[in-house]
Amino acid sequence: MPTRQPARIKARRTPGDLLAGLGALIVLVALIAGVPYALYRLAGPPLPPELLNLDLLTSQVGTSTIVAILVLLVWLAWLQLVVCVLVEIYAGLRRVGMPARVPFSGGTQMFANRLVSAAMLLFTVSAVALPIAKLTSLPPSVPSVVSTGLSSVSGPAADERAELEPVRKAKKVYVVQPPHGRHHESLWEIAEKCLGDGRRYPEIYRLNQHKEQPDGSRLHMADLIRPGWVLDMPDDARNIHLVPASQPRDDTLKDHRDKPVELDGRTQTFTPGRADLPAEPAPEVSDPRGRSGEKVGERAGERAGADGTDGTRETGQDRARQDTSRDPVPAERPPRAVPDTVPDTVPDSERRAPAVADPADNTGSIGSTGNAESADSGQGAGQDIGLGALDYLAGASLAAAGLLAALGRRRRQQLWHRAFGRRITRPRDDAAQAELALRLGADAPGSRMLDIGLRLLGRSLAAENRVPPTIYAAHLSPQTLDLWIHPPDPDAPAPWTAHDGGQVWRLPAHEGRMIDERALADAPAPYPGLVSLGSNGEGRVLVDLEAAHGPIGVNGPQATAALAALAVELATNRWSDRMRVTLVGFGEELTVIAPDRIRYVGALAEILPELEAGAEGRVHGGGVLTGRIHGRAADPVCTPHYLLSAIAPTPEEGRRLALLARKGVRTAAGYVVAGEVPHATWNWTITQEGRAEVDALGFDVAAQLLPRRQYRALIDLFLATERLEGEPLSDEPEPVTDTPSVEVRVLGPAEVVGPPPMEEGRAVIAVEMAVYLATHPGGVHPVVLGGILWPRGVQPVVRDATIARVVAWLGTDSQGRPNLYADESGRLRFGPEVRSDWMLFRDLVRRSHASPAGRPELLDGALSLVRGPLLNGRPRGRYAWLAADDLEYDVTAGVADAAHRLCEVRLARGETDQAVAAVRAGLLLAADDEGLWRDLLRATHLTADPVRLRAVVDALHRRAASHPYGGGMAPETEALIDELLPSWRMRSAPTA
C-alpha cells in the first residue's frame, strides 16, 4: 500500500490581509507619531508651567490648571499605548508566545495587539503576535503511534505490519504542582492553564468532588487543593496526562503519585506529606458548603465592596469535613504542612512556619493566632486558624454555646483565686484555637430558643393537664424550631403552631425571642435527651435519646467521634436540669468539663448492675414526661441517665441492655452503643465522609463529630482553667502621645475618635482592624492580619482593599504622615499620633506606681477612661481573636488592680465615698472580679450606712443568682458578708 508523502503547504496572504495590514500600519504611525505632534502643537508639553508651580498645592485651582491636568493625562495615555505597541512588536518578532502584561493596560494592550498583528502580515506570515485575548497553549506534538497486540510501532510502516485496533478511550488527569516559591496552584489557575478560562474551575471541582487523593484526603472545598493531588479533567483539557478510561482510580493514583514535574527548569518529584517542601496556601473565601458553579471570588469582592466583610456564611458544620477517622479512637487525616504564605519580610517570630504533625499521632495541624512559642512548633503569631477546628468545634453550634457557658463558670472560679498583679491563666496553642472556634460557631440565641421554647411548651401542657407528646426529633434553624411528634396532634399550645396534620409543632424565631425567660426561671426541662445528630445544611437536627425506647447502635469508622460529640453536648446543654452521663471505654478526660454530670467506667459490666437496679424504681410510660412538666427545675422529676459506650456489648450485655428498655416503654434513660447491638431500636451509621444516616427516621445529615485533635484541644482548654496560680501581666507600655489625631477606645464599646464617620456596613470591620492594630503596637503583617480578622479565610484582593479603605479613612496626622502605614518589614502599624485608651490607661497607672506619693489623681484619670465591659456590644462572630490574645486577660486584671489600689489609697486617707466610686468604676469592666466586690463591701461598710451596705449585698446576691454562667459567690465573699451583715441570709432565703 503506497504511503503518502508529506507535502509543503505554501503560505499565502489574501488581499484582505494586505489591506488590513496596511490600514493597521497607518493607524500605528498616526498614533505613535501623529498624536504627540498634534498634542505638542495644540496643547503644549506634558508638564506646562502651571503644574510646575509649587504654589499649586495651596492656591485655588483655576480653569487653566484643570486643563493642564487633563493634557497631562492624555500624554500619559499615549505613553501607555506606546509601551503596549513596543511590547507587542517584541513578542511578535522574537516569537516569545504570550506577550508580557503591561500593568493597568488591559483594553489598550488588546487594541495594540490587534494593530501589530495585522501590520506584521505585510512582512511575514509566521511572525505574528499571539492574541492575548484567547491564547491557549497547544499540546505538544506527538508522533502517531499504532497499538498492536505485540508492540507499539511508530511511523507509516505500521500500516503494513498489523491491523489497526479500535481506538481506546482515554481520560485526562492533572497532577497539582508543588508551590513555586510562595505561589501555589488553585483550581482557577489550573482551569486557566488547561481549559483556557479560569471561570471553568467549577467543572474540575464537580469532576473531583469527594474523590480520594493520594494522601488519603478528599476534595470538599474548591479553595482547598494540595500539591500532588490527581485531578480528573474535562475532555477538552490540555497540558495533562492521558490514562485509559477503564483504569481504576486507585491505579491512576499509584501511577501519578510521584509524577515528575518541571519547576524552575529542573525536574522534581513530589511526594504528598513531605515536610521539606513548602506547604499548601492559606484558604481563601469560599462557599462554606463547598458548592461549585459560583464565582466565589467575584461574589466575595462584591460583598466586600458593600460591607467590608469577606462575605462568608458561618455555618460551620455545613462545611465539608477535612479530618477523617479510621479507628475506634477518632483519628484524622495524614500529616500535612501548615500553610506558609507570609512573605520574606515577615519576622521569624510571626512567620507561619511549615508545621507537620507527628506521624505517630495521625493528626492534622492547627494554626495559632497567639504569640509564637517556638519555631519548630509551627504556630507562629497571627497564623490562620486550622480548618479542622472550625469544621467541628465551630460547626457544633449548640454544643459550642454550652461549652462557652461551662468555660465561663470555670473562669469565674479562676478569678476568685486571682492575686493582685497577676492575670488568670489563658489557654495556649490548640487550646486557644479551640476557644476561638467555639466563639466563632456558638449559637447562644438558638440554644436559648430551644431551652425556653421547650420549657414553655411543658408549662403550657401542664396548665392544660395534657400528656406531653413524644418528640422523636427536632430541627432548629434561624427561622423556626420544629418538633416532630407522635402521635400527631393538631392542637399545639400557643405560641406553638401545628403543621403537617399535627405531626410537626413549630415555634417561629420571632415568637421565641419574645418569651419572657424570667417567667420560666423555675419551669422544668421536659426533653433533656434531645441532642444534635448533625446538620442538614439549613439548621441543626436533634434526636431524643429517650424516644428510641431501647438501645441505639452506632456503626462506622467515626462512631467514637460521634459519641464524644454527643457526650459534650449532653453535659453542657441548657435545655436540661440535672442528668447523669456515663461514658464507657472512652472520654475519661471529659469529666474535667462537667464533673457533676459525666463519669467514666472501663466496661459495660461495671455499670449494668447499677442501671438494672435503678430501672426498677423509674417512672415509665407517659409518667416520665408528665412527671417532669409538673416538677420544678431545681428539683426535677425523673432525672435522666444516658449511657454512651465505645465498647460493643457481648450478646449477654446486649440482652440486658434491651431488657432495660422495658419492651419499648419510655424510661428516663438512653443507651447509645458503638458496634453491632442486639435488639437495637435505632441504628446510626457514621460514614467515613462524616455523614450520619438513620434509616428508621429517614435522616442523612452531616454528622456532629469531635475528632481526636479537637477532643484533645478541648480538654486542654478546660485543664487551663484549673491553673489557679495565674500568670504575670504583659510588659509595661511605651509612653503615649498627649495630642492624638486618632484615638481608639476599647474600655467599653469600640470606638474610633477622630476620623469622619464611615458607612455602617463597612465600619464594623474597619473598627475591628483599628482595635487590633492599636492594641498591638508592634505591628502586624497584612497576611497575618487577614487571618486574624477573617479566620475563615479571605481573598487577598478583599483584604488589601479593606486595608486601603482604612488607611484612607484614618487619614494623616498633624505632620501630614499617614496614621496607618507599612514599615520597612511590611508590617502595618499606627503612627505616633494614634493612641488607644488602653495605652493611656496603662501609662497613667505606670506613672502612678513610679511616684513615691502614689498620685491617686493619676489612677482616677485612668479609671475615668473605663466606660463599660471590654469592647462592649461587639457584633456576634467578630473579635474572635480575643480568645488567643493577651488583651482580654490583661485589661480585666489591669482595671481591677487599679481600682483595688485606688480604693486602698482612698480608704487610708479616710475618703470612703471616693473609695466606693473607685471600686464601682472598676466593676464597670471587671464585674466578675469578686475581689472588687469585697472591696466595695468593705468601703461601703466604712461609710457607716447600713442601707447602702444592704443594697450592695442584695445586688451581689442577685447577680450571683442570675449570672449567665452560674456558680454563685466565692466562699471568701460569703464569709465577708456574714461578718459585715449577719442577717443577710435570712432576708435572701427563698420562700417555700
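Heavy-atom basis, side chains included; hydrogens, waters and symmetry copies ignored. Please read these numbers as outputs of a predicted model, since none were measured by experiment.
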Participant: Any side-chain heavy atom of N555 within less than 4.5 Å of one from W684?
Facilitator: no
Participant: Thinking salt bridges, do R439 and E888 make one under a 4.0 Å N-O criterion?
Facilitator: yes
Participant: If you take all heavy atoms of R691 and A702, which pair is closest and at what distance?
Facilitator: NH1-N, 3.5 Å
Participant: Who are the side chain to side chain donor-acceptor pair (under 3.5 Å) partners of Y879, not counting sequence neighbours?
Facilitator: none
Participant: Which heavy atom of L932 sits nearest to which heavy atom of A896, and what is that distance?
Facilitator: CD2-O, 3.5 Å
Participant: Do P707 and R712 have side-chain heavy atoms sitting under 4.5 Å apart?
Facilitator: no
Participant: Can you check whether L542 reaches L450 side chain to side chain, under 4.5 Å on heavy atoms?
Facilitator: yes
Participant: Quick one: are the ring centres of W881 and Y772 less than 6.0 Å apart?
Facilitator: yes
Participant: CD/Q704 to CD1/I686 distance, rounded to the nearest 0.5 angstrom?
Facilitator: 10.5 Å
Participant: Ignoring hydrogens and angles, write down the donor-acceptor pairs under 3.5 Å from the side chains of residues 713-724, residues two or more places apart or on other chains.
Facilitator:
from, atom 1, to, atom 2, distance (Å)
T721, OG1, F718, O, 2.5
E722, OE2, R410, NH2, 3.3
R723, NE, E725, OE2, 3.3

Participant: Less than 4.5 Å apart, side chain to side chain, heavy atoms only: is that true for L882 and L871?
Facilitator: yes
Participant: Between R426 and D890, does any NZ, NE, NH1 or NH2 come within less than 4.0 Å of an OD or OE carboxylate oxygen?
Facilitator: no
Participant: With side chains defined as the heavy atoms from C-beta onward, is the minimum distance between P636 and P524 less than 4.5 Å?
Facilitator: no
Participant: Could you pull out the closest heavy-atom pair between A525 and R455, with the gap in Å?
Facilitator: N-NH1, 3.3 Å
Participant: Decide side-chain contact (heavy atoms from CB on, under 4.5 Å) for V554 and V673; before the verdict, give the C-alpha distance in whole Å, the side-chain angles of both, and the deciding distance to 0.1 Å.
Facilitator: CA-CA 6 Å; V554 182; V673 184; over 6 Å; no
Participant: Report yes if the side chains of L660 and Y671 come closer than 4.5 Å at any heavy-atom pair, otherwise no.
Facilitator: yes
Participant: Is D928 paired with R959 through a side-chain N to carboxylate O contact shorter than 4.0 Å?
Facilitator: yes
Participant: Could you give the distance from OG1 (T639) to CZ (R580), rounded to the nearest 0.5 Å?
Facilitator: 8.0 Å
Participant: Check R628 with D577, please: is the shortest side-chain N to carboxylate O separation under 4.0 Å?
Facilitator: no
Participant: Assess, by modelled atom type and distance only, whether the side chains of Y527 and E546 contain a donor and an acceptor separated by less than 3.5 Å.
Facilitator: no
Participant: Minimum heavy-atom separation for P551 to L657, with atom names?
Facilitator: CD-O, 4.3 Å
Participant: Looking only at the side chains, is there a donor atom on one of T560 and R708 sitting less than 3.5 Å from an acceptor on the other?
Facilitator: no
Participant: Using a strict cut-off of less than 4.0 Å between a Lys/Arg side-chain nitrogen and an Asp/Glu carboxylate oxygen, indicate whether E727 and R422 qualify as a salt bridge.
Facilitator: no
Participant: Check D929 with R412, please: is the shortest side-chain N to carboxylate O separation under 4.0 Å?
Facilitator: no
Participant: Between the side chains of R599 and T582, is a donor N or O closer than 3.5 angstrom to an acceptor N or O?
Facilitator: yes
Participant: Could you tell me if the side chain of E972 sits less than 4.5 Å from the side chain of E930, heavy atoms only?
Facilitator: no
Participant: Can you check whether H957 reaches I977 side chain to side chain, under 4.5 Å on heavy atoms?
Facilitator: no
Participant: So which heavy atom on S397 is nearest to which on R540, and how close?
Facilitator: OG-CD, 3.4 Å
Participant: Nearest 0.5 angstrom please: L393 CG to L436 CG, how far?
Facilitator: 10.5 Å
Participant: Hey, does the side chain of D429 reach the backbone of A432 with a donor-acceptor pair shorter than 3.5 angstrom?
Facilitator: no
Participant: For R411, check salt bridge (Lys or Arg N to Asp or Glu O under 4.0 Å) against everything at least two apart and list the hits.
Facilitator: E435
